[in-house]
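In what follows, a structure is listed as structure tokens, so that the remarks can point back to it.
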Amino acid sequence: MALIASLIVAGLYLAHRFAAVATDPLTVLPFQSGWQPQEHALSRYHVRWYLATLLFLAFDVEMLFMYPWAVVVADLGVTAVVEMFLFLGAVFVAVLWAWREGALRWA
């Protein structure tokens with residue numbers, strides 16, 4: 001069984017090597033306005049960008065929950081309104097935390 005599996009893997013590898021088409025290096029480079037990249041793609045970012053990302057995700061998740069909520073709020077009544085205000089309170093706490101950590105300072 002191991003011999004059959006290794007033959008299949010070897011056959012697929014050889015088929016890929018013989019059928020592979022060389023790519024144009026200009027089309028596979030990362031897009032940077034036509035310039036050659038000056039730094040590695042996995043270079044480090046400043047911590048404030050991670051905080052800005054968390055802030056974006058907080059607002060993104062808020063919108064993710066608010067659209068379906070707006071459709072069913074009339075059917076669910078007061079409990080849906082209370083739940084949404086609790087959720088918005090949690091998002092507001094996240095924004096306050098991000099503000100305190102300096103995610104909104106860009107200089």
Side-chain angles (χ1 to χ4, degrees):
M1 189 137 194
L3 177 66
I4 292 173
S6 61
L7 285 175
I8 290 174
V9 169
L12 288 173
Y13 175 75
L14 290 174
H16 171 71
R17 293 294 286 169
F18 287 126
V21 177
T23 59
D24 183 19
L26 189 59
T27 60
V28 296
L29 282 176
F31 177 75
Q32 286 195 347
S33 301
W35 299 94
Q36 290 288 334
Q38 298 296 321
E39 58 192 23
H40 194 272
L42 298 177
S43 62
R44 292 181 178 252
Y45 292 102
H46 194 278
V47 131
R48 76 170 163 245
W49 297 113
Y50 294 109
L51 292 174
T53 302
L54 288 176
L55 186 63
F56 170 75
L57 287 176
F59 284 112
D60 196 36
V61 169
E62 176 187 358
M63 288 296 112
L64 181 72
F65 285 125
M66 285 186 85
Y67 286 132
W69 173 81
V71 173
V72 297
V73 69
D75 297 333
L76 297 178
V78 177
T79 58
V81 175
V82 170
E83 288 176 0
M84 183 50 71
F85 275 106
L86 288 173
F87 176 72
L88 289 176
V91 169
F92 184 68
V93 167
V95 169
L96 287 178
W97 175 79
W99 189 349
R100 187 189 70 162
E101 292 295 318
L104 301 176
R105 276 185 272 149
W106 298 106

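Under the 4.5 Å side-chain heavy-atom criterion for Ile, Leu, Val, Met, Phe, Trp and Tyr, Val91 and Phe85 are members of the same hydrophobic cluster. Residue Met66 is not grouped with residue Leu57 when hydrophobic side chains (ILVMFWY) are merged at heavy-atom distances under 4.5 angstrom, including chains of intermediate members. Hydrophobic cluster membership is shared by Leu86 and Val78, with clusters built from Ile, Leu, Val, Met, Phe, Trp and Tyr side chains linked at under 4.5 angstrom. Hydrophobic cluster membership differs between Met84 and Val82, with clusters built from Ile, Leu, Val, Met, Phe, Trp and Tyr side chains linked at under 4.5 angstrom. Leu64 and Val71 sit in two unconnected hydrophobic clusters of ILVMFWY residues. Membership requires side-chain heavy atoms under 4.5 Å apart, directly or through other members.
Here the CZ atom belonging to Phe92 is positioned 11.5 Å from the CD atom belonging to Glu62, to the nearest 0.5 angstrom. One finds the CG atom of Leu14 at 10.5 Å from the CG atom of Leu7 (value rounded to the nearest 0.5 Å).
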Residues Tyr13, Arg17; criterion side-chain contact (heavy atoms from CB on, under 4.5 Å); working and verdict:
CA-CA 6 Å; Tyr13 175 75; Arg17 293 294 286 169; 3.6 Å; yes
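A 6.0 Å sphere centred on CD1 of Ile4 holds no more than 12 heavy atoms belonging to other residues, nucleotides or ligands.
Considering all non-hydrogen atoms of both residues, Val95 and Phe59 come closest at CG2-CZ, 3.6 Å. Taking each heavy atom of Ala70 and Val73 in turn, the nearest pair found is O-CG1, 3.7 Å.
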